[in-house]
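Residue numbers run from 1 in the order of the sequence given. As the structure lists them, so they are numbered: ligands from 1, and atoms in each ligand from 1.
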Amino acid sequence: MAKVWSKRFDNALDPFIEKFNASIGFDRKLILEDLDCSIAHAKMLGKTKVLSSSEALQIIDGLELIKVEYLEGKFSPSPPSEDIHYCIEEKLINLIGETGKKLHTGRSRNDQVGTDIRLWLRKEIDNIEILITDLQKSFLNLAKSNIYTLIPGYTHMQRAQPLSLAHHLLAYIEMLQRDRERYKEVRSRVNISPLGSAALAGTKIKIDRHFTAAELGFKKIYKNSIDAVSDRDFCIEFVSASALLMSHLSKISEEIILWVTDEFSFAKLTDKCATGSSLMPQKKNPDVPELIRGKTGRVYGHLQALLTMVKGVPLSYNKDFQEDKEPIFDTAETISSCIKAMTILMNEGIEFSIKNLSDSVENDFSNATDLADYLVGKDVPFRTAYQVVGQMVKYCLERKMLFKNLKIEEFKKFHPEFEEDVFADLKPFNVVKSRNSEGGTGFAQVEKEVNSWQKRLLL
Ligand code: ARG
């Protein structure tokens, strides 16, 4: 197939270079967006009388027909077209003849490709928003039924203080909420039209950028044509928001992987989300959270690739930018499948072992702070109380005992202010219940938060 520019050249492109240069292998994903972009452009050229109304109609009908053929599986963009933009233009000219050659009036592939990826990304972000909300709901459902289930809380992976399991799960809902907010902000910068910036300088053809922007649902238009065709910040912002989302998914994945070990035994995987081993008959492997944890690396890699792609690239459009597509395509696909898999895992793939969880908080020193706080309640300065309890921990460890095994006389040896009622304060249930500061794990606080999320997520 002769290249659009062949008249200016004497010789054909080297066949290997032709393939090397082409993006049709991946940018064919943008076909519907490219068609919509061209339909809006043709409508606008008709409205501004650059094209006669019959020419505009002929082009629009041709583009609509290509859309139908594509959706019916009768047309699929492929080589030798270099990219999706040429592919559609060539197809249109084949279909309607000479008038098709007027479509590219007053535009360039530079503003066209920028428009296409923005349309594609906007739609993806809207899908992702729905997927994240579904995942939040699955966390909330588990939280609702586990307000009074206790789980050890850790810092440095060392037992710290017991928690309500619901409080732990609600922490993920908060992270996911920040993810949603980030995507919303990214969307506002995706939703700006570069169309009509042409190659880099704008055009002398009578166009109406506000018209095409409105047709395509863009909120505003780029103010500077050079910036418009050079900006890939929004791609980086999208992948950056996705990298953070993956960090959150990898965090819960790692926790689930730990929880289902024999060592922790805090939860079990149901058969729906676990796999066996080809050799060891006893195995039930947490492949789903492992895969999500593993896929985090791909998204981080895409972020690095895009940041490097734009570094030091002079204004305006440069072919480097063709490399923006595969990272954002793969990022969207990866995060969408990871969020879906995590939602299934939370909805039907995990069962908490309530008894093991409650037993686990009975046999440690995670009530040590409460012992210190008991003395604080008797007007002992916190630092003094803290040191008293430190000595008590040492005393118990040497005797392989827990606080609850000490006699009140032994307590009194460490501090005379200890009374019988200290034993109630040591119970994990009361430990959790008493942490009633705003945002704390106290049951009253957790219940309040569960109710508030229930309203926010419209359950
Ligand atoms: N395939 C190109 C891309 O993805 C389209 C824009 C090409 N523009 C150009 N001036 N060569 O970026």
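Ion pairing between Lys284 and Asp271 holds under the 4.0 Å rule for side-chain N and carboxylate O. For the pair Lys101 and Glu98, the salt-bridge criterion is met [side-chain N within less than 4.0 Å of a carboxylate O].
Contact check for Ile335 versus Lys295: no side-chain heavy atoms found under the 4.5 Å cut-off. Looking only at side-chain heavy atoms (C-beta outward), Asn21 and Lys319 come within less than 4.5 Å of each other.
The shortest non-hydrogen separation linking Ser316 to Asn318 is O-ND2, 2.8 Å.
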Quick one: table the atom pairs, ligand 1 N or O against protein N or O, below 3.5 Å, distance rounded to 0.1 Å.
| from | atom 1 | to | atom 2 | distance (Å) |
| --- | --- | --- | --- | --- |
| ligand 1 | 1 (N) | Ser23 | OG | 3.1 |
| ligand 1 | 1 (N) | Asp83 | OD2 | 3.1 |
| ligand 1 | 1 (N) | Gln322 | OE1 | 2.8 |
| ligand 1 | 4 (O) | Lys325 | NZ | 2.6 |
| ligand 1 | 8 (N) | Asn110 | OD1 | 2.9 |
| ligand 1 | 10 (N) | Asn110 | OD1 | 3.0 |
| ligand 1 | 11 (N) | Arg109 | NH2 | 3.1 |
| ligand 1 | 12 (O) | Tyr317 | OH | 2.5 |

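Ring geometry for Phe429 versus Tyr148: interplanar angle under 30°, hence parallel rather than tilted (30 to 60°).
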